[in-house]
4 protein chains.
Amino acid sequence: MNKAGKVEGEGSKAQARREQVLAAAHACFLQSGFHGASMAVIAKAANMSVGHIYHYFENKEAIIAAIVEENVQHVLSNIRSVRGAPRLYEAMIEKAGERLDDVMDTGKTALMVEVLAEASRNPHVAELIKLSDQTPLKLLGELIAEGRQARPALSQEELRARAEVVAALFEGLQIRALRNPDLPRAAILPLMQDCIRLVLER
Amino acid sequence: MNKAGKVEGEGSKAQARREQVLAAAHACFLQSGFHGASMAVIAKAANMSVGHIYHYFENKEAIIAAIVEENVQHVLSNIRSVRGAPRLYEAMIEKAGERLDDVMDTGKTALMVEVLAEASRNPHVAELIKLSDQTPLKLLGELIAEGRQARPALSQEELRARAEVVAALFEGLQIRALRNPDLPRAAILPLMQDCIRLVLER
Amino acid sequence: MNKAGKVEGEGSKAQARREQVLAAAHACFLQSGFHGASMAVIAKAANMSVGHIYHYFENKEAIIAAIVEENVQHVLSNIRSVRGAPRLYEAMIEKAGERLDDVMDTGKTALMVEVLAEASRNPHVAELIKLSDQTPLKLLGELIAEGRQARPALSQEELRARAEVVAALFEGLQIRALRNPDLPRAAILPLMQDCIRLVLER
Amino acid sequence: MNKAGKVEGEGSKAQARREQVLAAAHACFLQSGFHGASMAVIAKAANMSVGHIYHYFENKEAIIAAIVEENVQHVLSNIRSVRGAPRLYEAMIEKAGERLDDVMDTGKTALMVEVLAEASRNPHVAELIKLSDQTPLKLLGELIAEGRQARPALSQEELRARAEVVAALFEGLQIRALRNPDLPRAAILPLMQDCIRLVLER
DNA sequence: AATGAATGAGGGTTCATTCAT
DNA sequence: GATGAATGAACCCTCATTCAT
């Protein structure tokens, strides 16, 4: 009921504690996966008793939810950073390099994969990641529409398809990096950029 | 004390039993994930006692490994199916449609994600998927080289990069489909094909 | 280090606080039982912090003890209400209807059962309810003796047995109502009254 | 699903194991109550590992359910034992003495109270005891109807009320014995018998 | 070859109680 | 007087694995 959720606009102390847990959980999940990391281990990593974690999070799943949310915010701010640029497409394409580095961080990817795996069998998490994906995807669609300028406008479905393919490129590369961490980044970047340009301008 | 592994060139009976287990495990893993599916459930699905499974597999991890291996073979055969086609690039691009359907099968993706998650923390599985990824990737690279025809030849790294991007497109879309199963397939396919063409012919 | 118990003849404020806790605890115990109601829930119901409850009660058991005590007083006052009536037996028998309603209140019974269950394993509570039962039972015996009037006097044991049977009728019906809340009250009342009359006048 | 329940018409070994658990649980619940007795303690008492108990019972509640059922069977056989007697009422009244001893066994009562307490907050157990009470009550009603002979027949509700009052007498005495184990049995028995006769013949 | 009874460590979670503020 | 953050042992339950048959 009012276990978690009560920690809302509270003092920074509580907020700090929460983040302490999240940081610890993040690290533990990275190393052992969602199921592999026990609450006991997380508690130890957070320098906190097991029971006390439950003051800040209703259960283990709530911790994952918070971490997913964190990740969404990160992606969102990345997308937003190109907004309002004068030559939008060029900005997006240039940004691709930065995103590429981001995406090759195996730590982050491992966590994302962990979450996706969980989603396959936990409907609650599935719903969560579906929802959390909508905002960035919509934003990406808007950016694409915005940048069309002279070119003919696109239907909603066309916009969606383009956003999906761009997203797929990055998420796909993320997976590739997980499979084999030494991707030839330098050779890949221009290919990526060409693909993005193609999808945007086509 | 007869560990598993001794079942090598044995009668087809044993082999059939093994496959019985694998089929059951596959189905169970699909539904509940590696950690979610218990040995008891797998045994029941395989019409076999729990204990008897241990005659054919040393432990649960060995089953997982076998399933991963299976998955690799599936991907390989997919790529091989375009080999030797007269107009190779066109064949690959046409094949994209089929692959797209394949890739949007959330069941298969769930398993792939499961494997990747497992790899993040189980070095044995990590090694396995790294190795298992090399063959298809190399094959893809060869196909790309083979199809260049008139165009200038590419360095190994260039080939690798192209193969990675094509792979990323498909694996990325696979992830996208997992996040949101109702992708606009019709609008996505031509975008994908253009991207592939671009990467191949560039 | 001021344990509870020191709160004796103190200001009405402290007393009010104590009762606040008891009222809350009563409500919570009714709904969830002694073990089901957590201190946290009781504290919330009492509009008080968890820790502060420990200023007024040494521990949870002390709260339970206080509630048991309360219950005893309730039963006592019920019996006293017929005392001194001119035609005592008739008064008792008439009262039976009221008592019946009282007894069919499943909320009260739930608490009584809770107390009895606790008594089976907590010697302190056992002692408490044994003592607390003596007064009403003795009172009931006196009433019976008092009402014999013309009839021959009864030995202590005879009186005790009669009181026990009357008590058993009511407590038994209480249990019956708990097992099945829709007792045929109308048909039961005259039977009860006849039984009581029989036991009293025999 | 098919955790428990599978142990049905199986070999006596499984049946014996089940009873081993029930006996242990019975003893533990008696001593510490349903919530007080941990599965670990029950397991130790049953000379069995914790996990193995779950081969025979789906969960702790299922153990209680089985014990409740056991008790019902006991009561039923008690009621049945007078069936078909030539002078039915006399037989029932004579049986009262035996039942009285039964009812004064505080061990059994403690368990019954435990179950009732649990029922107050666990709807599943509530349903269970409601159901389990119906059969004996119905049987008792039938016996009463059967024994009326010359006397005018009774409506269903009248029968029910009479059965309830008889049941209340015994269950009430059970509670009395729990509150104070040294009831004056000798003096109580004739009172009980008179009450039963009254209720039956009225 | 085949069974499934048996183990016990470890999982997530709850809760009475304490104590610094 | 009053708070609620903090503890940690104990709860029920699950599961990979072993072994007598």
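Proteins get letters first, then strands, A, B, ... in listed order; numbering begins at 1 in each.
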Interatomic distance where NE2 belongs to His55(A) and P belongs to dA16(E) [whole Å]: 12 Å

Rounded to the nearest Å, what distance is computed from the NZ atom of residue Lys44(D) to the C1' atom of nucleotide dA9(E)? 14 Å

Distance, rounded to the nearest Å, where Glu61(A) contributes CD and dG11(E) contributes C1': 15 Å

Verdict with supporting geometry, Met39(D) and Ile63(D), side chain to side chain contact (heavy atoms under 4.5 Å, CB included): CA-CA 10 Å; Met39(D) 289 299 287; Ile63(D) 301 180; 4.1 Å; yes

Quick check for you: among dT17(F), dT3(F), dC13(F), whose closest atom lies nearest to any side-chain atom of Met39(B)? dT17(F)

5'-most contact on DNA chain F (nearest-nucleotide basis), Phe34(D) vs Arg17(A), goes to Arg17(A)

Is any side-chain nitrogen or oxygen of His52(D) closer than 4.0 Å to OP1 or OP2 of dA5(E)? no

Kindly indicate, with the supporting measurements, whether the criterion side chain to side chain contact (heavy atoms under 4.5 Å, CB included) is fulfilled by Ile42(C) and Phe29(C). CA-CA 9 Å; Ile42(C) 294 172; Phe29(C) 288 159; 3.8 Å; yes

Of Ser38(C) and Ala40(A), the one whose nearest nucleotide on DNA chain E sits closer to the 5' end is Ala40(A)

Rounded to whole angstroms, how far apart are CD1 on Ile53(D) and P on dC12(F)? 10 Å

With respect to the phosphate group of dG4(F), does any side-chain polar atom (N or O) of Ser49(C) fall under 4.0 Å of OP1 or OP2? no

N or O in side chain of Tyr54(D) less than 4.0 angstrom from dA6(E) OP1/OP2: no

Answer with base, sugar-phosphate or nothing: what part of the nucleic acid does Ala43(A) contact at a heavy-atom distance below 4.0 Å? nothing

Contiguous Watson-Crick or G-U pair runs (3 or more, under 3.5 Å) in DNA chain F: E:2-21 with F:2-21

Would you say the side-chain atoms of Gln20(A) and Arg17(A) include a donor-acceptor pair closer than 3.5 Å? yes

Could you check how far NZ of Lys13(B) sits from C1' of dA2(E), rounded to whole Å? 10 Å

The salt bridge (charged side-chain N to carboxylate O under 4.0 Å, His left out) partners of Lys60(A) (sequence neighbours excluded) come to none

Measure the distance from CZ on Phe57(C) to P on dT17(E) and round it to the nearest whole Å. 13 Å

Whole-Å gap separating C1' (dC15(F)) and CD1 (Ile63(B)): 13 Å

In whole angstrom, give the distance that lies between atom OH of Tyr56(B) and atom C1' of dT17(F). 18 Å

As a quick check of understanding, evaluate side chain to side chain contact (heavy atoms under 4.5 Å, CB included) for Ile67(A) and Asn71(A), giving each step before the final call. CA-CA 6 Å; Ile67(A) 285 185; Asn71(A) 205 42; 5.8 Å; no

Taking the inter-plane angle between the rings of His52(C) and Tyr56(C) on a 0 to 90° scale, is it parallel (under 30°), tilted (30 to 60°) or perpendicular (over 60°)? perpendicular

If you assign Asn59(B) and His35(D) each to the DNA chain F nucleotide with the nearest heavy atom, which residue ends up on the more 5' nucleotide? His35(D)

Please list all pairs passing the side chain to side chain donor-acceptor pair (under 3.5 Å) test where one or both residues lie in residues 29-44 of chain D, with sequence neighbours left out. none

Which nucleotide, dA1(E), dT17(F), dT3(F), lies nearest any side-chain atom of Met48(C)? dT3(F)

